[in-house]
2 protein chains.
Amino acid sequence: MAVFRDRLRKRGLKPASQRDDVALTFFKLGRHISAEELYAEVKKVNPHAGQATIYRTLRLLKECELVHERYFSNGKGRYEIVNDKDPRHRFICDRCGRIIEFQNARLERIRFAVARELGVLLGRQKIELYGICPRCLKDERRHNPAIRLFQNPQTRRCAPAS
Amino acid sequence: MAVFRDRLRKRGLKPASQRDDVALTFFKLGRHISAEELYAEVKKVNPHAGQATIYRTLRLLKECELVHERYFSNGKGRYEIVNDKDPRHRFICDRCGRIIEFQNARLERIRFAVARELGVLLGRQKIELYGICPRCLKDERRHNPAIRLFQNPQTRRCAPAS
DNA sequence: TTTAGTGCAAAACCTTTGCAGGTTG
DNA sequence: CAACCTGCAAAGGTTTTGCACTAAA
């Protein structure tokens with residue numbers, strides 16, 4: 001939050017209470033929220049606030065590299081706190097959008113090897129895996145009991161769905 | 001394409017020329033396209049086609065598990081051909097959205113180890129890395145020559161931007 | 001007093017849907 | 001004939017913008 005104010009000052013922007021309400025609410029709630037949800041939360045603190053301020057503040061936070069914008073399967077923008085210091089990777093459920101964070105030292109090392117090979121700069125400190133989370137998997141099994149974990153493409157093709 | 005017609009028939013749907021135009025155009029163009037771009041391409045083949053058919057066909061392709069829908073930084077839906085057989089991983093540029101595909105056997109193995117640990121089912125056969133691609137990196141260096149490749153968080157913090 | 005921040009409402013944007021008419025089996 | 005496909009235009013939902021006004025430096 002202090003970092004946010006600092007970066008705004010450097011850009012010649014003024015402190016502003018509504019903006020602070022939005023940013024503070026966002027940081028307090030933790031990661032992974034949509035603009036709409038944030039709007040509802042901010043309303044609780046400051047019922048006077050308008051939608052535009054939400055979007056404008058989120059854009060500022062984005063420009064200050066303090067939040068990251070992502071789009072999930074419903075097409076709505078979702079925002080999350082940028083977290084460079086603690087490189088957790090993430091598994092994202094294709095069904096429900098749930099995010100499971102994890103760490104893995106081997107993955108961590110390979111990441112840099114790959115980046116060097118490709119000649120790229122790693123930005124977000126993350127690797128992302130996609131699939132179906134345990135909870136959705138349970139539902140899935142009801143309709144399709146043949147589904148298996150740990151599929152390896154060499155031994156078995158990707159799960160048929162529906 | 002034959003697979004598509006087959007899966008539609010199984011669902012009791014009839015062949016339809018406009019739909020075929022859309023699907024064929026999509027497959028021909030290769031991966032990673034937005035609905036808008038596809039619309040423009042289909043127009044070249046069949047100027048008579050309407051937007052609704054594009055969206056409706058994309059939805060069908062999605063339901064047939066032949067395309068995957070993703071959302072990138074502009075919030076527009078983007079579609080790509082599902083490719084289960086040849087598991088290439090991808091690096092996605094945070095600046096320009098360019099996708100660099102790559103393969104890495106070690107990454108491949110670890111992926112399954114991680115999935116087993118988490119108890120999840122791996123869906124898309126992909127790992128994703130994010131960062132800045134070589135081309136954008138060149139631009140970046142003009143403004144900020146201090147930027148370095150192969151950053152390791154233990155020795156050096158993430159690149160400051162802007 | 002000049003510059004930036006705000007809420008409201010309207011606009012812009014992408015995607016979906018209703019409907020009337022056309023096509024397929 | 002029944003069921004599906006299509007284009008058009010209208011509706012739906014999310015995000016941005018214009019404007020008049022307020023608040024901070």
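Everything quoted here is computed from the prediction, not taken from an experiment. Residue numbers begin at 1 in each chain, while the letters A, B, ... track the order of the sequences.
- Protein atom CG of B:Leu8 is 13 Å distant from nucleotide atom P of C:dG25, rounded to whole Å.
- In this structure, CD1 of B:Ile33 is placed 16 Å from C1' of C:dC14, rounded to the nearest angstrom.
- Scanning all heavy atoms of the two residues, the minimum distance from B:Pro134 to B:Ile100 falls at CD-CD1, 4.1 Å.
- Put simply, the side chain of A:Lys14 and the base of C:dT3 share a donor and an acceptor less than 3.5 Å apart.
- Here D:dC5 presents its P atom at 12 Å from CZ of B:Arg59, a figure rounded to the nearest Å.
- Between B:Arg5 atom CZ and C:dT24 atom C1' there is a gap of 14 Å when expressed in whole angstrom units.
- Between the side chain of B:Arg111 and the backbone N or O of A:Leu129, no donor-acceptor pair lies under 3.5 Å.
- Rounded to whole Å, the distance from CZ on A:Arg78 to P on D:dT14 is 12 Å.
- For B:Ala23 against B:Phe4, the heavy-atom pair with the smallest separation is CB-CE2, 3.6 Å.
- Closest contact between the side chain of A:Glu36 and the listed nucleotides D:dA25, D:dT14, C:dG5 involves D:dT14.
- Residues A:Cys64 and A:Leu8 come closest through the heavy atom pair SG-CD2, 4.1 Å.
- Protein atom OH of A:Tyr55 is 19 Å distant from nucleotide atom C1' of C:dG5, rounded to whole Å.
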All N/O pairs under 3.5 Å across the protein-nucleotides 6-8 of chain D interface:
unit_1, atom_1, unit_2, atom_2, d
D:dT6, OP1, B:Gln18, N, 3.2
D:dT6, OP1, B:Arg19, N, 2.8
D:dG7, OP1, B:His48, O, 3.4
D:dG7, OP1, B:Gly50, N, 3.4
D:dG7, OP2, B:Gly50, N, 3.2
D:dG7, OP2, B:Thr53, OG1, 2.1
D:dG7, N7, B:Arg56, NH2, 2.9
D:dG7, O6, B:Arg56, NH2, 3.1

Side-chain polar contacts of residues 46-61 of chain A - donor-acceptor pairs under 3.5 angstrom, sequence neighbours left out - could you list them?
unit_1, atom_1, unit_2, atom_2, d
A:Asn46, OD1, A:His48, N, 3.1
A:Asn46, ND2, A:Asp21, OD2, 2.9
A:Thr57, OG1, A:Thr53, O, 2.8

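- Counting only heavy atoms from C-beta on, B:Ala35 has its side chain closest to C:dT15 among D:dA25, D:dC4, C:dT15.
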**Prompt:** B:Val120 and A:Leu137: side chain to side chain contact (heavy atoms under 4.5 Å, CB included), yes or no, with the steps?
**Reply:** CA-CA 8 Å; B:Val120 302; A:Leu137 210 48; 5.9 Å; no
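- Atom CD of A:Glu63 is separated from atom P of D:dT16 by 11 Å (rounded to the nearest Å).
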For this session: May I have the step-by-step check of side chain to side chain contact (heavy atoms under 4.5 Å, CB included) for B:Phe26 and B:Ile81, ending in yes or no?
Result: CA-CA 8 Å; B:Phe26 177 75; B:Ile81 298 172; 3.5 Å; yes
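- As rounded to whole Å, 14 Å separates atom C1' of D:dA24 from atom CZ of A:Arg9.
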